Amino acid sequence: QLNHAERDPLSGRPWSSKNLRECYRVGMEKIGWTRWTPKPRTLRSGRLLVGLGMATATFPGARAADAARSVSEAEAQARPRPEADGYAVQSFGAQFCEVHVDPELGRVRVARHVVVLDLGRVPNPQLARSRATGGVIRGIGLALTEQLRYDAATGRAVSDGRYLVPTAADVGEISAHFLDPADPEVVAREVGDLATCGVAPAIANAIYNATGRRLRELPLTPDKLLL
């Protein structure tokens, strides 16, 4: 939290709203962060190494005029308030995960993942939770399995049937939690992309906590853990 920014570092404008510290607090509580220790290879589950990791999620926000027409042909329009230009709009959240690593095979499994998002008003929590869960699964694939290979001679993408995406059997428990504070400038925020941001860094941090090996290139495949 030492790098917590109260203003947009690019424009210098204050955020329309930012509740990132509360996202951290809720995520730490849900994942059981009191178990975390800075010394790698401390936690175990049988023969498996256990690691905890976290990262920040952030995604650009936007304001725009909107319009709607009902079946009775009545029309309504909504426009951002002129004073809204004095604020920067950005969405924030926190990613927390627990990984289990097989030290002999280098195999990584995300046993638990907690995502906490500051979305403003959430009109449909069930739909938002489904979108957030899908976003996390996409992030797990980005972190652990998905890789596009290229032919060294031609530079063309090689389609050899090995572009692996995670299935239900590949992911553990995922829980999504939302803060619901009022944002005076934004009624609702995007969910899916925000829920993907930060997943891969959280997993990489958890792998380091489990193994002591810092991986910086995606995907985080077993061969990189066995070097």
Side-chain angles (χ1 to χ4, degrees), residues 1 3 20-59 91-103 105-119 128-147 164-179 191-222 224-225:
Q1 300 190 41
N3 296 320
L20 184 55
R21 285 193 175 101
E22 181 63 9
C23 291
Y24 291 153
R25 187 195 67 78
V26 173
M28 291 171 69
E29 176 185 328
K30 299 296 183 181
I31 200 69
W33 195 254
T34 54
R35 297 176 296 147
W36 181 84
T37 171
K39 183 180 180 180
R41 305 179 72 93
T42 298
L43 301 177
R44 288 182 176 267
S45 176
R47 59 182 294 274
L48 301 178
L49 300 172
V50 176
L52 298 176
M54 61 84 58
T56 298
T58 184
F59 195 77
S91 298
F92 297 95
Q95 307 279 5
F96 289 81
C97 70
E98 174 183 326
V99 302
H100 293 178
V101 181
D102 187 320
L105 301 178
R107 184 178 299 161
V108 178
R109 177 175 173 81
V110 179
R112 293 179 59 215
H113 193 99
V114 174
V115 56
V116 186
L117 304 177
D118 176 12
L119 297 180
R129 189 167 291 107
S130 178
R131 288 280 292 153
T133 301
V136 169
I137 294 174
R138 181 170 61 168
I140 292 173
L142 174 69
L144 298 179
T145 63
E146 297 183 42
Q147 184 177 20
L164 305 177
V165 296
T167 67
D170 298 315
V171 297
E173 175 189 347
I174 299 174
S175 59
H177 307 271
F178 308 124
L179 304 187
V191 181
D193 288 326
L194 176 61
T196 300
C197 295
V199 173
I203 293 174
N205 287 335
I207 290 175
Y208 172 77
N209 186 241
T211 66
R213 185 178 291 274
R214 179 66 74 183
L215 303 181
R216 303 184 185 277
E217 181 180 346
L218 301 180
L220 310 171
T221 48
K224 296 172 184 176
L225 284 171

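The shown structure was predicted, so the numbers you read here are calculated from the model rather than taken from an experiment.
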Residue pair V110 / I203, side-chain heavy-atom distance below 4.5 Å: yes
Sub-4.5 Å side-chain heavy-atom contact between F92 and C23: no
Flag if over 12 foreign heavy atoms under 6.0 Å of CZ, R216: no
Side chains of T196 and V136 in contact at under 4.5 Å (non-hydrogen atoms): no
R112 side chain vs G172 backbone, donor-acceptor pair below 3.5 Å: no
Min side-chain heavy-atom separation W33-M54 under 4.5 Å: yes
Side-chain heavy atoms of L117 within contact of L179, under 4.5 Å: no
For A195 against A132, the heavy-atom pair lying closest together: CB-O, 3.5 Å
Within-4.5 Å side-chain heavy-atom neighbours: V26 and E29: no
Under 3.5 Å: donor-acceptor pair, side chain of N205, backbone of L52: no
N209 backbone acceptor or donor facing R213 side chain under 3.5 Å: no
Distance (rounded to the nearest 0.5 Å) between M28 CE and W36 CH2: 9.5 Å
Test salt bridge (charged side-chain N to carboxylate O under 4.0 Å, His left out) applied to D102 and R47, step by step: CA-CA 7 Å; D102 187 320; R47 59 182 294 274; 2.8 Å; yes
Side-chain donor-acceptor pair present, Q95, H113, cut-off under 3.5 Å: yes
For the student: nearest non-hydrogen atoms of P166 and G141, plus distance: CD-CA, 3.5 Å
Member of V116, V115, V114 meeting the side chain to side chain contact (heavy atoms under 4.5 Å, CB included) criterion with K30: V114
Sub-4.5 Å side-chain heavy-atom contact between L119 and L194: yes
Nearest heavy atoms of K39 and T42, plus distance in Å: O-OG1, 2.7 Å
Pair R138 + E146: basic N to acidic O under 4.0 Å: no
Shortest non-hydrogen contact from A206 toward G53: CB-N, 3.4 Å
Closest approach of A202 to C97 (non-hydrogen atoms, all atoms of both residues): O-SG, 3.4 Å
L144 and its side chain to side chain contact (heavy atoms under 4.5 Å, CB included) partner, picked from V99, L164, V108: V108
Considering all heavy atoms, the nearest D170-V165 contact: OD2-O, 4.2 Å
Donor-acceptor under 3.5 Å (R107 side chain, P222 main chain): no
Donor-acceptor under 3.5 Å (S91 side chain, T58 main chain): no
Nearest-0.5 Å distance that lies between atom CG in L142 and atom CD1 in I137: 13.5 Å
Heavy-atom check, side chain of L218 versus side chain of L220, under 4.5 Å: yes
